[in-house]
Amino acid sequence: MRYGQNKPTLETPCVRHCCLDSNDVCLGCHRSLDEILAWHSMNDQQKSALIAILQQRAIASQNR
């Protein structure tokens, strides 16, 4: 978590390995293109929920 402008904000899950698959999901961070674009307008609760989903996607992609 990073602190800026008197409120905590979550770091982006981007790992700088940006490459979209055929479903427009990043192979690096597992976010969809829509989720990538929406990240900066999400509040911390929404970001935390998305991070939990991304962890599940990462596990699922390893099991394929």
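The structure presented is a predicted model; accordingly, all values stated were derived computationally and were not measured.
Distance check, rounded to the nearest 0.5 Å: NZ of K47 to CD1 of I51 gives 8.5 Å. Atoms CD and NE2, from Q56 and H30 in turn, are 11.5 Å apart once rounded to the nearest 0.5 Å.
Applying the salt bridge (Lys or Arg N to Asp or Glu O under 4.0 Å) test to residues at least two apart or on different chains, the pairs with a partner in residues 23-35 are E35-R57.
Of all heavy-atom pairs between P13 and C29, the closest is O-CB, 3.4 Å. Taking each heavy atom of C18 and C26 in turn, the nearest pair found is CA-SG, 3.9 Å. When all heavy atoms are compared, the tightest approach of W39 to L10 is CZ2-O, 3.9 Å.
Every residue two or more places apart in sequence or in another chain that forms a side-chain contact (heavy atoms from CB on, under 4.5 Å) with N23 is listed here: D21, V25. For Q46, the side-chain contact (heavy atoms from CB on, under 4.5 Å) partners at least two apart in sequence or on another chain are M42, N43.
Note on I36 and L54: separate hydrophobic clusters, where clusters join Ile, Leu, Val, Met, Phe, Trp and Tyr whose side-chain heavy atoms are under 4.5 Å apart, directly or indirectly. The cluster map of Ile, Leu, Val, Met, Phe, Trp and Tyr, joined by side-chain heavy atoms under 4.5 Å apart, puts L37 and L20 in the same cluster.
A distance-only check finds a donor-acceptor pair linking the side chain of S41 to the backbone of A38 [under 3.5 Å].
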